[in-house]
Amino acid sequence: AYGILGALLDTVMEGIAAGFAPIKLEGDAVFAAAPAASLDGQGERVVEMIRATYRAFVESRTRAIPSTDHICIACPSVAHLDLKVVLHRGHSVRQSVGSGSDLLGPAVTVAHRLLKNTVRERIGHRPYLFVTDAAAAGLGLTEVGLAHAEDYPDAGRIEGRIIELGSSGSASLRLPS
C-alpha cells in the first residue's frame, strides 16, 4: 500500500510542478507554494493544471487497483482514494528549522486548517478545489464555483469558492447551489 500511495503522491507532485514548488509531504498530502505574482490573473490556467493533475491521479489510481484475486486488505481501498485541493494566498516566510527549512506564517496555518472542512458535507464525496477569496481575487476566480465558508476558532471565518475537479471546461466551474 505504501508503494501505491508513493506513486499517487508522485503523480500529484509532477502535475503541480508547472505552477507550484513542493514544500514537503505531510502524510498523504502534498504541501506546495508559489509566489502570488506568478499566478495573478492565471486562474483558468491554474484550475486546468489542477484538473489535469486530478486526471493523472485517476489514471494512476486505476492502474494501481489490484486484480480481484489479490488478498491484501489495504490495496482494494485504493479505488476509494480521491483528491481535495486547497488554494490560499497570504504572507509566509521560509524559516530554517533544524537541518532543513519550512514555510511558516498565518497563511500556512490557514491552509492547513482548511484541509479539515465541511465541503464534502455540502457537495458529497467528490474531488474538489477550495479556493479562498484571498486566492480567488488574485487568480481572477471570484465568480466561479460555489460560494462556501468555513469557521475556525483560531483562524476565524474563511470564505471562498468550491470548484469541482471531476469535470472540465469553464462552464463546469459552477456547481449547483
Side-chain angles (χ1 to χ4, degrees), residues 8-54 56-57 82-123 125-167 170 172-175 177:
L8 292 173
L9 289 170
D10 281 343
T11 300
V12 171
M13 289 180 64
E14 290 168 12
I16 63 168
F20 296 88
I23 302 301
K24 65 181 172 178
L25 295 178
E26 298 175 334
D28 65 350
V30 174
F31 178 52
S38 70
L39 302 177
D40 281 348
Q42 301 293 315
E44 286 193 31
R45 183 185 65 80
V46 170
V47 169
E48 181 47 40
M49 177 189 61
I50 292 170
R51 282 194 170 131
T53 299
Y54 177 68
F57 172 87
D82 221 335
L83 289 185
K84 60 182 178 179
V85 179
V86 171
L87 277 179
H88 182 55
R89 179 181 181 143
H91 297 288
S92 62
V93 295
R94 170 100 31 209
Q95 176 70 42
S96 293
V97 179
S99 62
S101 68
D102 203 352
L103 205 57
L104 305 172
V108 175
T109 301
V110 168
H112 281 83
R113 293 289 185 279
L114 286 168
L115 291 173
K116 302 292 184 195
N117 61 48
T118 61
V119 171
R120 287 199 168 139
E121 292 170 22
R122 185 156 184 209
I123 67 168
H125 189 80
R126 54 184 166 176
Y128 67 87
L129 163 63
F130 181 68
V131 182
T132 66
D133 282 352
L139 291 166
L141 296 174
T142 58
E143 300 298 320
V144 299
L146 176 66
H148 182 76
E150 295 287 336
D151 291 296
Y152 301 95
D154 61 339
R157 186 170 186 82
I158 310 298
E159 297 184 7
R161 316 293 299 175
I162 303 168
I163 300 171
E164 190 176 3
L165 291 180
S167 55
S170 296
S172 65
L173 295 176
R174 295 200 180 277
L175 291 169
S177 48

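Numbering of residues begins at 1 and proceeds along the displayed sequence. Excluded from the calculations below are hydrogen atoms, water molecules and symmetry mates; all remaining heavy atoms, backbone and side chain alike, are included.
In this structure a side-chain-to-backbone donor-acceptor pair under 3.5 Å is present from Glu150 to Thr118. Panel note: side chain Tyr128, backbone Val119; no donor-acceptor pair is recorded below 3.5 Å.
Minimum interatomic distance between Ala155 and Val110 (heavy atoms only, all atoms of both residues): CB-CG2, 4.2 Å. In plain terms, the two heavy atoms of Gly166 and Pro127 that are nearest each other are N-CG, 4.0 Å. Residues Val108 and Ser92 share a closest heavy-atom pair of CG2-CB, 3.8 Å. Nearest heavy atom pair, residue Ala147 against residue Arg161, reads CB-NH1, 3.3 Å. Taking all atoms of both residues into account, the shortest heavy-atom contact from Thr142 to Ala137 is CG2-CA, 3.7 Å. The minimum heavy-atom distance linking Asp28 with Leu9 is given by the pair O-CD2, 3.6 Å.
Taking CD of Gln95 as the reference point, atom CG of Leu104 lies at 6.0 Å (rounded to 0.5 Å). Going from atom OG1 of Thr53 over to atom CG of Leu83 covers 8.5 Å, rounded to the nearest 0.5 Å. Here the CG atom belonging to Asn117 is positioned 8.0 Å from the CD1 atom belonging to Ile162, to the nearest 0.5 angstrom. To the nearest 0.5 Å, the span separating CZ on Arg51 from CD on Glu44 amounts to 9.5 Å. The structure places OH of Tyr54 at 13.0 Å from CG of Leu129, a figure rounded to the nearest 0.5 Å. We find the CZ-CD1 distance between Arg113 and Ile158 to be 10.5 Å, quoted to the nearest 0.5 Å.
Taking 4.0 Å as the cut-off between side-chain N and carboxylate O, Asp40 and Arg89 count as a salt-bridged pair.
The closest side-chain heavy-atom distance from Leu103 to Lys24 is not below 4.5 Å. Contact of the Arg122 side chain with the Leu146 side chain is registered, since non-hydrogen atoms from C-beta on lie closer than 4.5 Å. A 4.5 Å side-chain heavy-atom check between Ile23 and Asp102 finds at least one atom pair inside the cut-off.
Under the rule for a ring pair (Phe, Tyr, Trp, His ring centres under 6.0 Å), Phe57 has no partner lying at least two apart in sequence or in another chain. Shown here are the side-chain contact (heavy atoms from CB on, under 4.5 Å) partners of Leu115, two or more places apart in sequence or in another chain: Val86.
Applying the 6.0 Å contact sphere to NE2 of His125 captures more than 12 heavy atoms from other residues, nucleotides or ligands.
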Practice prompt. Kindly indicate, with the supporting measurements, whether the criterion side chain to side chain contact (heavy atoms under 4.5 Å, CB included) is fulfilled by Ile50 and Leu87.
Written response: CA-CA 10 Å; Ile50 292 170; Leu87 277 179; 4.0 Å; yes
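Within the structure, salt bridge (charged side-chain N to carboxylate O under 4.0 Å, His left out) contacts touching residues 8-17 (residues at least two apart or in different chains) do not occur.
Between His112 and Phe31, the two ring planes are tilted [angle within 30° to 60°].
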